[in-house]
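Working notes, beginning with the structure itself.
Every value quoted in this text rests on a predicted model; they were computed, and no experiment measured them.
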Amino acid sequence: MATVTAAEGKSRAAATKAAAAVEVSAPSRREFLYYIWGASIALLLGQAGAGLIWFALPRFKAGTFGGVFNFPPDRLPQLAGSAPVSQPEGRFHVVRTEDDGLVTLYGVCTHLGCLPKWQTDRFACPCHGSQYTLPGNWITGPAPRGLDMFPMRVTFDDGSVEETPGSAASVDGSAYAIKLNGRSIAKIEIDTGSRIKRPNHG
């Protein structure tokens, strides 16, 4: 039976340790620059992607265009068929139709985006001559359809709530009106974040 001396044991342990060790060479200058370049591109793309998502997501405050406006009921036109009330911050006109209904018209011409003004008995576009009735119906001019609308939600004093019938799909703006029927209004909410487009005129 062979005996192992202390010196032999140490040399074998050293040989085993050397075999187990794996040599890893330091990256070359070129490899180091590739790593830095790759990390920089990844960081840049990540920041650009996060910024794009943050910018694209809508974040509209109440009372600003794109958000919900709480329109004071005491600002409504007093009589059915009278001149509309404009809200420049929301880019809309509140109309009280001749059959005593409420409609909110988007104050932008459907032709090329000019701003029609109310003139005695109609909206008239100063750019290309399109004209619209009080409920936003097309009369004449190059506009393809009547004025677009914003959905309205009306809460009455009796607790009942009515919303703009968005599925009317009519060229007549009165079809989108919320009928008052003599009821007193407690609250009016106008959503300028969604638009109702009526069909093109014939």
Side-chain angles (χ1 to χ4, degrees), residues 58 60-156 161-202:
F60 300 110
K61 294 181 181 177
T64 61
F65 183 72
V68 175
F69 278 77
N70 287 317
F71 190 82
D74 58 2
R75 287 197 59 210
L76 287 175
Q78 294 301 310
L79 300 173
S82 58
V85 174
S86 297
Q87 181 82 24
E89 300 86 4
R91 305 176 197 171
F92 61 79
H93 307 284
V94 176
V95 170
R96 192 164 183 173
T97 60
E98 293 180 357
D99 57 352
D100 205 22
L102 290 182
V103 172
T104 305
L105 300 176
Y106 183 31
V108 174
C109 181
T110 56
H111 178 222
L112 292 178
C114 296
L115 305 177
K117 305 294 181 190
W118 178 253
Q119 298 180 349
T120 309
D121 64 343
R122 66 187 60 198
F123 291 98
C125 179
C127 299
H128 302 98
S130 293
Q131 296 180 16
Y132 309 89
T133 63
L134 180 64
N137 301 343
W138 175 85
I139 300 173
T140 186
R145 62 183 185 277
L147 292 174
D148 295 334
M149 302 179 176
F150 290 131
M152 176 187 288
R153 178 184 171 93
V154 178
T155 304
F156 295 95
V161 177
E162 288 195 33
E163 298 183 2
T164 301
S167 60
S170 173
V171 295
D172 182 11
S174 297
Y176 301 85
I178 297 174
K179 302 297 187 272
L180 298 183
N181 297 326
R183 294 173 290 178
S184 297
I185 299 173
K187 186 177 182 181
I188 300 173
E189 298 167 282
I190 299 169
D191 183 6
T192 60
S194 62
R195 201 177 340 155
I196 301 171
K197 294 183 179 180
R198 65 180 94 185
N200 290 358
H201 57 76

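- Residues Arg195 and Asp148 are paired through a salt bridge, judged by an N-O separation under 4.0 Å between the basic side chain and the carboxylate.
- More than 12 heavy atoms of other shown residues, nucleotides or ligands fall within 6.0 angstrom of atom CD in Gln87.
- Across Pro84 and Pro77, no two heavy atoms sit closer than the pair CA-CG, 4.4 Å.
- The two residues Gly173 and Met149 come nearest to each other via the heavy atoms CA-CE, 3.3 Å.
- The one candidate from Arg145, Lys197, Arg198 that meets the side chain to side chain contact (heavy atoms under 4.5 Å, CB included) condition with Thr110 is Arg145.
- Here the straight-line distance linking atom CH2 of Trp138 with atom CG of Asn200 works out to 11.0 Å at 0.5 Å rounding.
- A donor-acceptor contact under 3.5 angstrom links the side chains of Asp172 and Asn137, judged on distance only.
- Here the OG1-OH distance, from Thr97 to Tyr176, works out to 14.0 Å after rounding to the nearest 0.5 Å.
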Please test Arg153 against Val161 for side chain to side chain contact (heavy atoms under 4.5 Å, CB included), starting from the C-alpha separation and ending with a verdict.
CA-CA 7 Å; Arg153 178 184 171 93; Val161 177; 3.6 Å; yes
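- The closest donor-acceptor contact from the side chain of Ser130 to the backbone of Ala143 lies under 3.5 Å.
- In this structure, Ile185 and Phe156 have side chains that are in contact, with non-hydrogen atoms separated by less than 4.5 Å.
- The distance from atom CD1 of Ile139 to atom OH of Tyr132, rounded to the nearest 0.5 Å, is 10.0 Å.
- A donor-acceptor pair under 3.5 Å is formed between the side chain of Arg183 and the backbone N or O of Leu180.
- Taking each heavy atom of Pro116 and Cys109 in turn, the nearest pair found is CD-N, 3.5 Å.
- Minimum interatomic distance between Ala177 and Pro165 (heavy atoms only, all atoms of both residues): O-CD, 4.3 Å.
- We find the SG-CG distance between Cys125 and Leu112 to be 8.0 Å, quoted to the nearest 0.5 Å.
- Counting heavy atoms from C-beta outward, Leu105 and Phe123 have side chains that approach closer than 4.5 Å.
- Between the CZ atom in Phe92 and the CG atom in Leu147 there is a gap of 14.5 Å [rounded to 0.5 Å].
- The SG atoms of Cys114 and Cys127 sit under 2.5 Å apart.
- Using a 4.5 Å heavy-atom cutoff, the side chains of Arg96 and Leu79 are not in contact.
- The shortest side-chain heavy-atom distance between Val108 and Leu115 falls under the 4.5 Å cut-off.
- Remark: Lys179 engages Asp99 in a salt bridge, criterion side-chain N to carboxylate O under 4.0 Å.
- At least one side-chain heavy atom of Thr164 sits less than 4.5 Å from a side-chain heavy atom of Ile196.
- Side chain of Ser86 to backbone of Pro88: no donor-acceptor contact under 3.5 angstrom is found.
- With values rounded to the nearest 0.5 angstrom, Thr192 atom OG1 is found 12.0 Å from Met152 atom CE.
- In this structure the side chain of Ile188 reaches within 4.5 angstrom of the side chain of Leu76, judged on heavy atoms.
- With ring centers used as reference points, His93 lies 6.0 Å or more from Tyr106.
- Looking at Asn70 and Lys187, their side chains come closer than 4.5 Å, going by heavy atoms from C-beta outward.
- Under the 4.5 Å side-chain criterion, counting only non-hydrogen atoms from C-beta, Val94 is in contact with Ile190.
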